[in-house]
Amino acid sequence: MAEKNNFLPLMLDLSGRKIIIFGGGSVGERKAELFSGCADTLVFSLEFSQRLQELEASGQVRLFRVDLLAASDSELRKLISGAFIVIPATSSFELNRKITLVARESDILINQVDALGSVVIPSVIKRGDLVIGISTLGHSPAVSKYTRRQIEGLITPAYSDMIRLQDELRTYLKQYVAEQRKRKELLWKVLENEAVWNGFSESYEKAEERAYAIISDCLENSGK
Ligand SMILES: C[C@@]1(CC(=O)O)c2cc3[nH]c(cc4nc(cc5[nH]c(cc(n2)[C@H]1CCC(=O)O)[C@@](C)(CC(=O)O)[C@@H]5CCC(=O)O)C(CC(=O)O)=C4CCC(=O)O)c(CCC(=O)O)c3CC(=O)O
Ligand SMILES: NC(=O)C1=CN([C@@H]2O[C@H](COP(=O)(O)OP(=O)(O)OC[C@H]3O[C@@H](n4cnc5c(N)ncnc54)[C@H](O)[C@@H]3O)[C@@H](O)[C@H]2O)C=CC1
């Protein structure tokens, strides 16, 4: 059984990784939606939701019709070979358990949808380059979803602009300020400056101008 306090919200590069989902219903569909944008996503099931069929038609997932109850352990092992994560999401608890055991023997990560597996899928907020994952470690997925909606309301478009500006300033400062501690101090002066944040509502250039003014004032004063 997974130990709850050993989980970490890591950001993984899933390019080229194989994600295998068993069950093409509402849960399998939601998982396929999430993974199809960044990994090779395969779904094995008796039936497939309308949305999964659309995802297949647009080449975002691969669907394989199969009665998994009839599959032996060695056939299941073949189906999951090379998978990075296996997601048993059929409507049969027993079948999900059987797939879980085979995946565990093959030392493959498992996202269990009817218990706490070795991988827990968080609620995800993606706003440009800002990515936030939220989990209650299985206690209440509804609270994860609720928290996602609360935080989404706080993330204005200015956050993406500030990420772009901080990225630009970091490159600029690395050329002119040798000391990392000083660069960090300057970046935070810009990050915590209300006038820069307000500048984005006028234009990116307005905020950028204010940011460079802050930096040159600081550098002049520290040079004195
Ligand atoms: C353990 C986990 C395993 C996993 O699936 O990864 C799990 C398990 C279960 N979920 C259940 C139910 C619901 N799950 C949701 C929604 C989400 N579930 C997600 C993750 C997780 N769900 C993992 C823990 C996440 C964490 O740590 O918080 C999210 C965050 C990510 C995703 O999967 O996409 C996604 C929100 C995405 C978003 O919109 O932000 C809703 C809400 C809704 O759909 O409106 C409901 C109905 C309300 C309720 O019942 O809570 C049930 C009971 C089924 C039953 O009663 O039979 C189980 C099984 C059980 O716990 O027994
Ligand atoms: N993690 C989560 O967020 C949630 C998890 N659940 C759990 O997830 C499970 C799946 O839920 P839903 O997707 O709503 O069920 P569903 O009934 O919508 O889909 C089940 C899928 O499993 C397939 N299936 C069933 N028996 C099969 C077999 N022998 N061979 C191949 N495919 C088979 C069906 O064809 C169908 O596509 C439920 O049992 C429930 O315990 C339910 C709600 C939310």
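Remember, it's 1-based here, ligands and their atoms both numbered in the order they're listed.
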Side chain proximity check, L79 to F64, heavy atoms < 4.5 angstrom: no

Honestly, for I121 the part within reach of ligand 1 (heavy atoms, under 4.0 Å) is both

### Message
Quick check: do R183 and W188 have side-chain heavy atoms less than 4.5 Å from each other?
### Response
no

(Q) I'd like to know whether CD of Q150 has more than 12 heavy-atom contacts from other residues, nucleotides or ligands below 6.0 angstrom. (A) yes

Within 4.0 Å of some non-hydrogen atom of S144, the atoms of ligand 1 are 26 (C), 28 (O)

In this structure, atom 36 (C) of ligand 1 is nearest to the protein heavy atom S123 OG, 3.6 Å

Problem set entry | R30-ligand 1 polar pair, N/O distance under 3.5 Å | yes

Ordered by chain then number, the protein residues lying under 4.0 Å from ligand 2 by heavy atom are G23, G24, G25, S26, V27, R30, S45, L46, E47, V66, D67, L68, L69, A89, T90, S91, L95, V113, D114

Does atom 24 (C) of ligand 1 have a protein non-hydrogen atom under 4.0 Å from it? yes

Quick check: does L137 get an N/O under 3.5 Å from an N/O on ligand 1? yes

among protein heavy atoms, the one nearest atom 6 (O) of ligand 1 is N111 ND2, 2.8 Å

**Report entry** Sub-4.0 Å protein heavy atom near atom 52 (C) of ligand 1
**Finding:** no

Of all protein heavy atoms, the one nearest atom 48 (C) of ligand 1 is A142 CB, 4.2 Å

Would you please classify the geometry between the Y212 ring and the Y172 ring as parallel, tilted or perpendicular, with 30° and 60° separating the classes? perpendicular

When Q180, E185, E179 are each screened for side chain to side chain donor-acceptor pair (under 3.5 Å) with K182, the one that passes is E185

- Query: Is the number of heavy atoms from other residues, nucleotides or ligands under 6.0 Å of K184 NZ greater than 12?
  - Reply: no

Check: of V27, V113, V143, min heavy-atom distance to atom 9 (C) of ligand 1 comes from V113

Using a distance threshold of 4.0 Å (strictly less than), state whether atom 28 (O) of ligand 1 has a protein heavy-atom neighbour.
yes

Begin from the C-alpha positions of R77 and E105 and carry the test salt bridge (charged side-chain N to carboxylate O under 4.0 Å, His left out) through to its verdict.
-> CA-CA 9 Å; R77 246 188 300 282; E105 280 161 16; 3.2 Å; yes

Indicate yes or no: at least one non-hydrogen side-chain atom of Q112 is less than 4.5 angstrom from one of V120. no

Going by the 4.0 angstrom heavy-atom rule, the piece of V124 near ligand 1 is neither

Nearest heavy atom to atom 42 (C) of ligand 1, choosing from Q112, R148, K145, belongs to K145

The atoms of ligand 1 lying under 4.0 Å from a heavy atom of G138, numbered in the order shown, are 1 (C), 24 (C), 26 (C), 27 (O)

>> Under 4.0 Å from atom 55 (C) of ligand 1, is there at least one protein heavy atom?
In response: no

Any side-chain heavy atom of I21 sitting closer than 4.5 Å to one from N111? no

Nearest non-hydrogen protein atom to atom 5 (O) of ligand 1, with distance, is K31 NZ, 2.6 Å

Exactly one candidate in Q60, E54, E56 meets side chain to side chain donor-acceptor pair (under 3.5 Å) with S58; the answer is Q60

_Cation-pi check, R164 onto Y204 ring (under 6.0 Å, within 45° of axis)_ = yes

Can you confirm whether more than 12 heavy atoms, excluding those of R170, are under 6.0 Å from its CZ atom? no

message: Any heavy atom of L34 closer to ligand 1 than 4.0 angstrom?
response: no

re atom 26 (C) of ligand 1, the protein heavy-atom contact at minimum distance is T136 N, 3.3 Å

Ranked by distance from atom 10 (N) of ligand 1, the top protein heavy atom is P141 CG, 3.3 Å

ask   = Is it true that atom CG of D129 has more than 12 heavy atoms of other residues, nucleotides or ligands lying nearer than 6.0 Å?
value = no

Exercise. Is there a donor-acceptor pair closer than 3.5 Å between any side-chain N or O of E75 and the backbone N or O of S72?
Worked result: yes

CG of L116 to NE2 of H139, rounded to nearest 0.5 Å, is 8.0 Å

Would a search of protein heavy atoms around atom 38 (C) of ligand 1 find one under 4.0 Å away?
-> yes

Quiz item: Heavy-atom count around R148 CZ within 6.0 Å, excluding the residue itself: above 12?
Solution: yes

